[in-house]
Amino acid sequence: MNRVLPVLTILVLIIAVWYAAAILMNAPWQNTLNGRANLTDVPFHTFAQQTWAQDKPILPAPHQVVSEIWNGTVALEITSRRSLAYHGWITLSATLLGFAFGTGLGVLLAVAIIHNDASDRSLMPWIIASQTVPIVAVAPMLVVGLNAVGLTGLVPKALISMYLSFFPVVVGMVKGLRSPEGIQLDLLRTYDANSWQVFWKLRWPAAMPFLFASMKVGIAISLIGAIVAELSNTAGGGLGVRLLTGSVNGQTIQIWAALFIAAGLAAVLVALVGSAERAVNRRMGVRA
Amino acid sequence: ADALTLQLKWVTQAQFAGYLVAEAKGFYDEEDLDITILPGGPNIAPEQVIAGGGADIIVTWMAAGLAARDTGVPLVNIAQPFKRSGLMMICPTESEVTEVADFPGKTLGVWFFGNEYPFFAWMNKEGIATDGSDGGVTVLQQSFDIQPMIQGQADCISVMTYNEYGQALDAGYGPENLTIFNYTEMGNDLLEDGLYVLEDSLDDPAKVDAYTRFVRASMKGWAYALENPEEAAEIVVESDETGAAELDHQLYMVGEVSKLVDADDPALDMATYDRTVKALIDQEIIGAEPEGAYTTVVTDALN
Amino acid sequence: MTPVVQAHNLGLTFPTADGDVVALSDVNLTIEKGDFVSFIGPSGCGKTTFLRTIADLEQPTSGTLEINGQMPENARKDRAYGYVFQAPALYPWRTIEKNVALPLEIMGYSAAQQAERIKRTLDLVNLSGFENKYPWQLSGGMQQRASIARALAFDADLLLMDEPFGALDEIVRDHLNSELLKLWERTKKTICFVTHSIPEAVYLSTKIVVMSPRPGRVTDVIESNLPRERPLDIRETPEFLQIAARVRDGLRAGHSYEEMV
Amino acid sequence: MTPVVQAHNLGLTFPTADGDVVALSDVNLTIEKGDFVSFIGPSGCGKTTFLRTIADLEQPTSGTLEINGQMPENARKDRAYGYVFQAPALYPWRTIEKNVALPLEIMGYSAAQQAERIKRTLDLVNLSGFENKYPWQLSGGMQQRASIARALAFDADLLLMDEPFGALDEIVRDHLNSELLKLWERTKKTICFVTHSIPEAVYLSTKIVVMSPRPGRVTDVIESNLPRERPLDIRETPEFLQIAARVRDGLRAGHSYEEMV
Amino acid sequence: MSFARELTSLQLYLGLVGGGLAALGFLASVPTLGSAPLITVFFALGAVSLARLVMPWSLWLDGLLAVFGAVALIAALPAEGVLPVHHWLALFAAWAFSWLFVERLTTAIRQGRLPHTGTGQVIPLIFGLSLLVIWEVVTRGANVSPVLLPPPSAIAARFAQSTGILWADFVQTFVKSVIPGYLIGCGAGLLVAIAVDRSPFLKAGVMPIGNFMSALPIIGIAPIMVMWFGFDWQSKAAVVVAMTFFPMLVNTVAGLNAASAIERDLMRTYAASYWQTLMMLRLPAAGPFIFNALKINSTLALIGAIVAEFFGTPVVGMGFRISTGVGRLAIDLVWAEIAVAAIAGSAFYGVIALLERGVTFWHPSVRGGRA
Ligand SMILES: Nc1ncnc2c1ncn2[C@@H]1O[C@H](COP(=O)(O)OP(=O)(O)OP(=O)(O)O)[C@@H](O)[C@H]1O
Ligand SMILES: Nc1ncnc2c1ncn2[C@@H]1O[C@H](COP(=O)(O)OP(=O)(O)OP(=O)(O)O)[C@@H](O)[C@H]1O
Ligand SMILES: Cc1ncc(C[n+]2csc(CCO)c2C)c(N)n1
Ligand SMILES: [Mg+2]
Ligand SMILES: [Mg+2]
């Protein structure tokens with residue numbers, strides 16, 4: 001209760017502000033409409049309701065978004081092309097595949113970096129620079145380029161997800177694999193442990209907290225990657241395509257609904273990584 | 001069956017009804033073709049897709065096609081179902097634009113991504129500067145809807161007769177509170193949706209034959225769509241994988257598109273072709289008169 | 001018999017940003033099998049460095065050092081010694097039992113051998129019953145004892161202990177001191193033991209090495225003639241106090257306030 | 001004269017996940033102005049907790065506590081004491097000089113006063129010349145001395161010191177012990193001093209408080225009759241050893257191996 | 001073999017691979033001797049490097065070999081058609097030599113045989129240059145359509161030609177959108193974090209939501225922001241604000257809790273006021289966290305602004321140029337813009353990282369060497 005109440009308060013506050021903002025932002029257009037229909041002296045509460053019920057509002061009211069989500073998920077068959085669950089699933093599969101690629105690549109690079117000085121020096125600056133490349137700009141070309149070598153569908157999206165999500169994993173894992181203190185490494189040296197043993201008995205377990213912290217960031221970024229990729233790859237649908245077509249057709253409610261589904265997806269994914277983390281922590285005896 | 005991939009210029013909508021109907025009604029199957037139709041979008045350049053081998057045939061506007069040819073993608077027009085342009089510029093009365101002379105100092109919304117050539121050709125012809133200098137117009141990269149007009153961010157916006165104009169009508173705009181500049185009526189129209197392939201593929205008679213059957217089936221699709229607008233609109237909605245297409249709007253679009261398409265004759269109209277080429281050369285978008293940018297082998301073989 | 005440790009003109013210099021630090025200079029020392037040698041000296045005099053050099057964790061820059069007659073590197077590869085660090089250095093994701101098992105796993109002991117040795121050494125340091133606890137569930141002193149158990153689990157004849165009881169209070173320290181003496185007597189191991197405490201050094205050792213800093217060097221080596229059997233109250237005898245006084249003098253000589261601490 | 005510290009049936013219980021921990025129970029203690037009081041006892045007996053309660057960093061759960069006749073909170077707001085924590089707790093982004101200046105800045109001393117006090121107290125702890133070094137550029141002992149300087153910089157009459165010399169070797173400790181004694185004599189401050197070392201407690205104090213854990217309580221209060229003037233070798237006198245023995249007995253009584261360490 | 005023993009096994013292996021490939025290439029080019037003389041010479045020299053097994057072979061020779069190989073390859077690139085098969089061996093051999101050079105350079109620096117400053121920075125440069133050479137040789141040598149991926153030389157040429165456009169776009173996107181958006185977003189995040197930190201209730205309410213928001217695909221709001229704030233830089237700055245706000249909020253709140261209990265207790269013993277504690281303890285202690293957010297945000301900001309420009313702009317800006325450039329198949333210009341973005345982004349990140357070194361000099365991660 002102690003934790004729920006403050007969150008609820010803030011949520012209620014946000015929703016209230018949102019409704020108010022919807023009136024304000026949709027008012028000019030509503031005035032035009034009413035003017036055109038020769039409606040004058042509309043009482044405020046009617047006017048408010050009008051602004052909350054526009055077809056293509058500048059800011060849809062919360063209940064409009066909720067009902068769009070409801071209509072797009074529960075009220076539809078899951079296989080329907082209009083189903084948001086269907087589009088969510090498409091984005092999710094690209095996200096998960098990209099996340100798996102990204103985590104794998106990130107860990108591999110981190111292992112290379114901590115074991116090889118030359119890799120450390122030559123790779124690190126470019127890894128940082130890679131993230132300053134606007135992937136949204138490269139994505140369309142990448143999709144076409146991969147298409148040229150016969151890769152279509154899920155894989156190009158997953159590769160873009162990977163491009164974004166490997167970064168936090170490399171950075172975190174380099175930190176994590178280097179986190180054992182000198183004395184812990186010295187201990188293994190006194191046992192004449194080989195580097196394989198040093199890795200599995202010391203570096204890897206020591207890096208676990210860093211891995212999970214990175215994966216939480218990574219999975220959220222993977223989702224962004226999948227959405228960005230879908231902006232450049234409309235075939236097959238997905239939440240990004242819903243965002244795009246919503247934007248193309250001026251369907252604001254559709255944009256917001258896609259956005260909220262994406263947000264929910266991100267929250268669930270991060271929570272899943274979090275529970276995996278807790279499970280591993282329990283097995284590793286981390287203090288609760 | 002011969003497998004061909006068609007890359008559309010835009011998202012799945014009735015602008016491409018002929019192809020979607022041909023696919024849905026089995027006209028391609030009848031011609032022993034296996035067609036994959038790829039939707040496009042604001043970040044997809046069909047010219048690039050075909051250059052990368054991702055498609056065999058693309059739908060694009062002639063100006064963009066010729067410009068691509070100039071940059072080294074040897075595109076060749078094999079058929080031109082769209083005879084007229086659906087492009088317009090509309091200005092609400094508040095903008096106080098009633099004629100071209102009112103443009104200087106105004107902000108105009110224009111679509112880029114290969115759609116900008118007709119506008120610049122028009123301005124070029126009128127002698128109106130577009131580079132932000134005094135006495136010229138301010139150009140906005142317009143989103144693909146009418147929001148900029150509703151919100152007053154632009155004085156005039158670009159619309160297609162079959163799409164955004166319908167949105168404007170829905171939003172309560174109409175001829176009575178709009179000034180409309182129709183590119184076709186002004187004689188400024190450049191050719192729009194045509195079918196393009198890569199030049200070297202035309203050396204292969206089997207390919208040419210497949211293209212011919214493709215165009216024949218597609219035109220059959222167009223004819224069917226124009227005769228049965230309701231069914232065509234339903235097919236479009238059904239074909240849209242994103243679930244964003246709305247039946248009413250697609251029906252409107254079929255109706256408007258029917259005014260632009262000649263379902264009986266997909267051959268290139270040379271007068272408009274010449275105008276398009278001249279406009280591009282005037283603007284220095286292409287360097288010289290293109291050679292071999294179109295072929296009549298396919299349309300000739302149809303009959 | 002070859003000595004366990006033989007250092008000859010041993011020197012070790014650390015190059016650092018603001019100049020070289022001479023951690024060890026001209027150290028000559030012989031440690032025989034069965035010796036209990038304490039190292040005492042002010043902070044920074046090179047006690048830890050000397051132990052680390054024996055353990056092949058640092059490389060001497062001059063002189064020679066032999067462990068059991070061979071190079072330190074080979075001695076390390078032979079697993080000739082057990083090292084107890086100044087901090088417990090237990091791995092937090094392993095239970096006490098698994099921490100003690102660590103060297104055994106690495107050295108390839110069978111599961112049965114591991115179990116037997118874990119039980120024996122945890123008994124020895126009085127930690128039976130805590131096998132499945134994680135380090136953070138134990139007090140600092142218990143952790144330190146676990147780290148001693150870990151060093152004892154494989155039978156190295158040489159034990160290197162760097163201030164193992166530094167973090168403990170006097171009473172617990174007394175207790176562990178007498179336990180350590182008993183262990184030493186029973187197993188006849190050779191022990192090198194670093195401490196800051198004069199009574200502790202005198203109480204435990206057969207030989208006390210007094211060191212002094214800048215440069216780190218050995219200033220005195222005191223052979224203790226106390227009997228091997230040492231009750232706690234030996235510390236109030238005049239013999240004991242006499243040795244303690246000599247150690248204190250040696251220490252004080254190597255000290256000067258302004259520069260060191 | 002009002003006593004500096006007056007505890008009456010003082011109790012403090014920490015509620016924790018696995019039950020309450022009674023850190024202090026029924027503590028009765030009076031400390032007069034000018035006393036030097038040492039607190040000694042096994043780990044976890046509540047020494048730190050008692051000091052923290054005096055400093056208004058913990059709230060008693062029963063009994064009363066008065067500092068200079070007022071509530072601890074008011075005493076804290078009067079800046080009645082200087083506290084030396086068990087760890088140096090220097091701010092790493094401030095130089096030694098600036099660390100010592102911290103309380104002076106907070107209490108609004110002028111720049112000139114600050115400079116004068118910094119110089120004086122750094123001299124006192126023998127750190128002149130290190131004004132512009134950062135804490136991590138100093139050894140542990142130097143850091144601890146800097147934290148003592150910081151507590152001395154503003155003239156609180158009560159000094160609370162929690163094992164300030166724990167990290168130092170015996171020689172340095174001896175030196176600082178006698179410096180502390182001199183300071184105490186000169187300034188007539190009241191000092192509460194936590195230590196693990198029996199000789200240290202006996203050497204320094206006018207009063208030794210022996211504590212014992214579970215629940216934390218005072219088991220003995222020993223008034224020392226040693227003269228105020230104490231050369232280092234007073235530690236070999238019979239009077240000294242006698243007090244030390246009494247402290248050791250008191251301590252041992254509160255100890256039992258299995259549970260504590 | 002004694003000279004080979006100075007090398008690590010990886011280095012020895014690279015040397016053998018480079019030398020072996022070169023020897024193979026030499027044999028393969030005998031029939032066409034003279035068609036690409038530079039490459040043949042490179043093959044010969046590369047094969048000679050196998051002598052490292054029996055005599056000392058300076059690391060600088062390996063560096064020279066790599067450079068020579070790169071130059072020979074680029075000189076031999078055909079104007080049309082693809083590179084002859086055996087020339088690809090030269091690419092692999094040159095790569096092996098440059099890698100070997102980098103490995104040996106690193107070893108030399110670590111062993112103190114070369115100064116750290118200067119040479120240390122050369123290593124990533126060599127790596128980057130190798131990538132560029134590979135890119136150039138592969139795109140031109142394998143005849144990749146410039147519409148798909150232009151070679152770096154074409155991008156560089158376009159860059160040099162279009163500095164005017166690139167500069168105008170940079171000003172529009174970076175100076176007008178990114179910088180203000182970044183400052184406002186980070187500033188607001190910091191202030192809100194401080195405000196939230198004062199009230200446990202607010203903190204309990206805002207933090208879960210803030211954590212949630214910072215994980216969201218905020219990029220998705222770009223079309224909405226364009227709708228709300230118009231076409232010009234304001235909507236881009238708004239996207240940047242939204243993207244940078246939450247990372248700063250979350251990090252700062254965490255950072256304000258970073259001061260240890262004992263450090264806070266110290267302040268309490270001085271009866272320090274809230275503001276004194278904030279300014280003298282908690283903000284400095286939060287420094288590393290705040291800089292962490294500043295660094296994350298420096299890459300996010302540029303990406304956010306560019307995405308937002310995809311949804312409507314005046315006809316200038318990096319995102320505008322990129323999105324319309326693809327439509328016009330001006331792919332070399334697009335890559336020139338991407339290069340500008342990468343350079344600007346890296347420089348931005350670098351400046352923040354330098355600032356961090358200066359401000360949080362005391363933190364172990366900074367003191368302890370490379371960040
Ligand atoms: N890795 C290193 N690099 C540079 N100097 C070092 C290094 N290790 C130790 N030193 C220096 O060598 C000297 C000896 O250090 P050492 O740790 O051996 O002292 P010690 O006698 O163990 O001290 P303490 O009692 O404080 O543990 C010190 O001056 C120390 O600063
Ligand atoms: N914040 C707290 N929450 C719960 N228990 C606490 C807390 N602080 C101290 N304790 C408990 O109170 C008891 C007394 O602790 P205190 O730190 O005062 O001991 P101490 O005598 O200073 O020990 P040491 O010599 O190890 O410093 C211990 O059992 C400790 O675990
Ligand atoms: C020119 C050149 N080529 C390869 C490497 C080595 N390297 C750098 S990153 C990487 C991948 C895994 O670490 C490898 C192998 C180098 N340093 N320089
Ligand atoms: Mg040491
Ligand atoms: Mg304590």
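Proteins get letters first, then strands, A, B, ... in listed order; numbering begins at 1 in each. The shown structure was predicted, so the numbers you read here are calculated from the model rather than taken from an experiment.
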Atom CZ of B:F120: over 12 foreign heavy atoms under 6.0 Å
yes

For B:A68 and E:L329, work out which heavy atoms get closest and say how close.
CB-CD1, 3.4 Å

Reported CZ-to-CZ distance for the pair B:F113 and E:F310, which is rounded to 0.5 angstrom
8.5 Å

Taking all atoms of both residues into account, what is the closest heavy-atom pair of E:L148 and B:G52, and its distance?
CD1-CA, 3.5 Å

Most heavy-atom pairs under 4.5 Å with chain E, out of B:V110, B:V73, B:V139, B:I44, belong to B:V139

Return the minimal non-hydrogen interatomic distance between B:A45 and E:G327, and the atom names on each side.
CB-CA, 4.2 Å

Would you please name every residue forming a disulfide (SG to SG under 2.5 Å) with E:C186, sequence neighbours left out?
none

Between chain E and chain B: donor-acceptor pairs at under 3.5 Å:
residue: E:V147; atom: O; partner: B:Q48; partner atom: NE2; Å: 3.1
residue: E:M227; atom: O; partner: B:Q151; partner atom: NE2; Å: 3.1
residue: E:T313; atom: N; partner: B:Q141; partner atom: O; Å: 3.2
residue: E:T313; atom: O; partner: B:Q141; partner atom: N; Å: 2.4
residue: E:T313; atom: OG1; partner: B:Q141; partner atom: OE1; Å: 3.0
residue: E:R328; atom: NE; partner: B:E116; partner atom: OE2; Å: 2.6
residue: E:R328; atom: NH2; partner: B:E116; partner atom: OE2; Å: 3.3

If one checks every heavy atom of E:V316 against chain B at 4.5 Å, the contacting part turns out to be neither

So which part of E:L149 gets closer than 4.5 Å to some heavy atom of chain B, the side chain, the backbone, both or neither?
neither

